[in-house]
2 protein chains.
Amino acid sequence: MPVPLYQAKAEFFRTLGHPVRIRVLELLQDGPLPVRDLLAGIEVEASNLSQQLAVLRRAGIVTSTREGSTVVYALSSKDVADLLRAARRILTDMIAGQGELLAELREAEHTRP
Amino acid sequence: MPVPLYQAKAEFFRTLGHPVRIRVLELLQDGPLPVRDLLAGIEVEASNLSQQLAVLRRAGIVTSTREGSTVVYALSSKDVADLLRAARRILTDMIAGQGELLAELREAEHTRP
DNA sequence: TAGCCAATTGAAAACTTCTTCAAGTCCCAC
DNA sequence: GTGGGACTTGAAGAAGTTTTCAATTGGCTA
């Protein structure tokens, strides 16, 4: 058996499972952007961003094209935007439905050293 | 700023990013199941499955209720099923777009023992 | 209550992923 | 062709996750 589908799925989700990568995808939802702009929108060092972009590229989730001296990134499929929307819905519901967790989060904010 | 949303999202996806956990969610898509049945449907040791179930529980993605001497698991929201469907669509498209991988999958299907 | 089955937990070892930093490529302007 | 900016790469250590095994809990039934 080759890479079974459920394993491909797990890998796909694992690829999305990083704050910087999520932000990249969110920024790209409204259209392609040069690295410079991603860098401006995310608090991270250039080399770290590059590493995360490489992860997304290897997974085939984004594509990069060089334009002169800059490099422009884009989502490789519009479906990715749908998925992020679905995720946001779930998350919102989940947080809303779990009063305690919400309270906990709020508490943490007030008791930060 | 509290746990920012993009970080919650990343955590959520990371939680889905494991083959055993994906299989559990797929099996639960059609309704609640006792651990015994999950165990029968996934090739993994009981204690390992328990660990993965604990991860899903902590994330609030599934719920467990004890019924007599067995424990029954269920998806905590139907939206999870939607999300998995969205993911399947993306993955299928992505694979279709990447000819070689598709060929590999097809090959595997014909050469199944 | 003793013994058993179902499931879970704790903890250590094995494995992956993340961050960081120095070095490298590519392109453009001088 | 030298210098500089934009980005990427390699590699090493730090941080996090997964697996495994032994020990444990909870509920049944003899």
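Order of the sequence lines fixes the chain letters, A, B, ..., with proteins taken first and strands second; residue numbering starts at 1 for each chain. Just so you know, these numbers use all the heavy atoms, side chains as well, and skip hydrogens, waters and symmetry mates.
- Looking at heavy-atom distances under 4.0 Å, A/Thr70 makes contact with sugar-phosphate atoms alone, never a base.
- Contact between the side-chain N/O atoms of A/Arg66 and the OP1/OP2 oxygens of D/dA6 is not found at any separation under 4.0 Å.
- A salt bridge is absent between B/Arg23 and B/Glu43: the closest approach of a Lys/Arg side-chain nitrogen to an acidic carboxylate oxygen does not fall below 4.0 angstrom.
- Residue A/Ser69 is in sugar-phosphate contact alone, with no base atom involved, counting any heavy-atom pair closer than 4.0 Å across all strands shown.
- Donor-acceptor pairing under 3.5 Å, judged by distance alone, is present between the side chain of B/Gln51 and the base of C/dG10.
- A donor-acceptor contact shorter than 3.5 Å is absent between the side chain of B/Thr70 and the backbone of B/Pro34.
- Not one side-chain nitrogen or oxygen of A/Arg58 sits closer than 4.0 Å to the OP1 or OP2 atom of C/dT17.
- When the nearest nucleotides of DNA chain C are assigned to A/Glu67 and B/Arg36 by heavy-atom distance, the more 5′-ward of the two goes with B/Arg36.
- Minimum atom distance to the side chain of A/Val71 is reached by D/dC7, of the listed C/dG10, C/dA7, D/dC7.
- Rounded to an integer number of Å, the gap from B/Gln52 CD to C/dA7 P is 16 Å.
- With contacts defined as side-chain heavy-atom distances shorter than 4.5 Å, the pair B/Phe12/B/Leu83 qualifies.
- In this structure, of C/dC18, D/dT19, D/dG27, it is D/dT19 that holds the atom nearest to the side chain of B/Asn48.
- Here the side chain of A/Arg66 pairs a donor or acceptor atom with the backbone of A/Gly68 at under 3.5 angstrom.
- Here B/Glu45 lies out of heavy-atom contact (under 4.0 Å) with every strand.
- Across D/dT18, C/dT20, C/dA7, the shortest atom-to-atom separation from the side chain of B/Val35 is found for C/dA7.
- Within the 4.0 Å cut-off from OP1 or OP2 of D/dA6, not a single side-chain nitrogen or oxygen of A/Tyr73 is found.
- The side chain of A/Ser50 lies closest to D/dT9, out of D/dT9, C/dC18, C/dA11.
- Side chain of B/Arg21 to main chain of B/Thr15: a donor-acceptor pair is present (N/O by atom type, distance under 3.5 Å, no hydrogens or angles).
- With rounding to whole Å, A/Glu11 atom CD is found 12 Å from C/dT16 atom P.
- When each of B/Asp37 and A/Arg14 is assigned the nucleotide of DNA chain C bearing its nearest heavy atom, the one mapping closer to the 5' terminus is B/Asp37.
- As a whole-Å value, the separation of B/Leu49 CG from C/dA6 P is 14 Å.
- B/Leu53 has its CG atom 13 Å from the P atom of D/dT18, to the nearest Å.
- Residue B/His18 contributes atom NE2, which lies 15 Å from atom P of C/dC15 at whole-angstrom precision.
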